[in-house]
There are 2 protein chains.
Amino acid sequence: MSEHGVARHTRQKDALLQQLRGCEGFVSAQELHRRLTDSGASVGLATVYRQLNSLAESGAVDTVRLDGQQMFRICDDDSHHHHLICSGCGKTIEIEPPDMEWMRQIARSHGFKINSHTLEIFGLCSDCQHKRATQPTRNSAIERR
Amino acid sequence: MSEHGVARHTRQKDALLQQLRGCEGFVSAQELHRRLTDSGASVGLATVYRQLNSLAESGAVDTVRLDGQQMFRICDDDSHHHHLICSGCGKTIEIEPPDMEWMRQIARSHGFKINSHTLEIFGLCSDCQHKRATQPTRNSAIERR
DNA sequence: TTTGCTGCAAACCTTTTGCACCTAT
DNA sequence: ATAGGTGCAAAAGGTTTGCAGCAAA
């Protein structure tokens, strides 16, 4: 991505954004690229990554790491939020933990300067719990612990 | 790692465990391998990975993902805990968030069955905040957001 | 002896990058 | 025309795996 200059409007950027909006939950770059290809609006994999990174940097999408790969999702609002994520189908529910003030307090008491934090809950949604016996929608691997 | 059978006692297992115990905070597999090599007790990288994975699976170490790689750390007790991690030097402080009951409640209310969750706070410890101007001890990259 | 563990190198995967070409502006 | 975006293929990491040899039990 370019450092300066004005963002340019391109076909692939549109296609990617549109495809991303159509996604239920988090998708990996690879998966998104696959869907784009399947839907005919082919976009280079490198472009998908560059676009996604740029979006993440600007805060337009938020990301989460699941099982060794980065997952992306259109970010509805600007606030920082957390997620309840189905590791079966990627379905995502935004959750708002009550009172995260203790986090700042803990950090302060240890002399830390917080850069970022993660708080994600992984599990199976009710649909995927039932499909479980057959085969998970996409990816049954769960982060350890 | 073998699926069944009795675990065997080996030089490299000892060396790895010992080295791991000597670590302040989380270390990556690569870093641990480097330290082992440096300290003379050379152990194959593959073995480090296999050993680490096995330990993680058994719960003897816990892991965290930082900046695209998995980090490992000896687990003091069996309880599930969370961390305040310095992304400069890897120093880790175990923290105990007050009341995580809401997590179960949220999951239940959405019909989810929790498999795992992550809650880690990344930042710079006071030492690394000061070194900052020069060069971070190891790795200044921070997970996005 | 048996069979788990190890080392090496090759294989895998995801993500990044160099570079020439293309195309909004 | 200018310079940001794109595609391709190569490169870069980190992690896993196949396999033959080694060594605990």
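These numbers were taken from a predicted model, which means no experiment stands behind them. Scope of the values below: all heavy atoms of this structure, side chains included, with no hydrogens, waters or symmetry mates. We name chains A, B, ... by the order of the sequence lines, and we start the count at 1 in each one.
- Distance from the side chain of B:Ala7 is smallest for C:dC5 among the nucleotides D:dG7, D:dG5, C:dC5.
- Looking at B:Gln12 and B:Thr47, their side chains never bring a donor and an acceptor atom within 3.5 Å of each other.
- What separates NZ of B:Lys13 from P of D:dA23 is a distance of 15 Å, to the nearest Å.
- Among the atoms of the strands shown, only primed sugar atoms or phosphate atoms (P, OP1, OP2) are found under 4.0 Å from some heavy atom of B:Gln12.
- Note that the NE2 atom of B:His82 and the NE2 atom of A:His117 stand 13.0 Å from one another [nearest 0.5 Å].
- Closest to the A:Gln69 side chain, of the nucleotides D:dT15, C:dG4, C:dT14, is C:dT14.
- Map A:Ser42 and B:Arg11 each onto its nearest nucleotide of DNA chain D; the residue landing nearer the 5' end is A:Ser42.
- Remark: C1' of C:dA24 and CZ of A:Arg8 are 5 Å apart, rounded to the nearest angstrom.
- Taking OG1 of B:Thr118 as the start and CZ of B:Arg65 as the end, the distance is 11.5 Å to the nearest 0.5 Å.
- Between D:dG14, C:dT6, D:dT6, one nucleotide has an atom nearer to the side chain of A:Gln51 than all others, and that is D:dT6.
- In this entry the distance linking CG of B:Leu36 with C1' of C:dG7 reads 14 Å, nearest Å.
- Considering only side-chain N and O atoms, B:Tyr49 lies nowhere under 4.0 angstrom from the phosphate OP1 or OP2 of D:dT16.
- For B:Val43, counting side-chain heavy atoms from C-beta on, the closest listed nucleotide (C:dG4, C:dT15, C:dG7) is C:dG7.
- In terms of phosphate contacts, A:Arg65 brings no side-chain nitrogen or oxygen within less than 4.0 Å of OP1 or OP2 of D:dG14.
- One donor-acceptor pair, N or O on each side, does fall under 3.5 Å between the base of D:dG7 and the side chain of A:Arg50.
- Distance B:Leu45 CG to D:dT15 P: 9 Å, rounded to the nearest Å.
- Separating the NE2 atom of A:His9 from the C1' atom of D:dG5 is a distance of 13 Å, rounded to the nearest angstrom.
- Distance alone, capped at 3.5 Å, places no donor-acceptor pair between the B:Gln51 side chain and the B:Lys13 backbone.
- Between the P atom of C:dT14 and the CD atom of B:Gln70 lies a distance of 16 Å, rounded to the nearest Å.
- The nearest whole Å value for the distance from the CG atom in A:Leu16 to the C1' atom in D:dG7 is 15 Å.
- At the phosphate of C:dC5, neither OP1 nor OP2 sits under 4.0 Å from any side-chain N or O atom of B:Thr47.
- Scored by the side chain to side chain contact (heavy atoms under 4.5 Å, CB included) test, B:Arg11 finds no partners at all (sequence neighbours excluded).
- Between B:Asn53 and D:dT15 there is no side-chain polar atom (N or O) within less than 4.0 angstrom of OP1 or OP2.
- Of all nucleotides listed (C:dC5, C:dT25, D:dA9), D:dA9 comes nearest to the side chain of A:Ala46.
- When the side-chain nitrogen and oxygen atoms of B:Thr10 are compared with OP1 and OP2 of C:dT6, one or more of them lie within a distance under 4.0 Å.
- The nearest whole Å value for the distance from the CG atom in B:Asp67 to the C1' atom in D:dT15 is 16 Å.
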ask   = Which is it for A:Phe112 and B:Ile93 under the side chain to side chain contact (heavy atoms under 4.5 Å, CB included) test, yes or no, and what are the steps along the way?
value = CA-CA 10 Å; A:Phe112 270 62; B:Ile93 294 167; 3.6 Å; yes
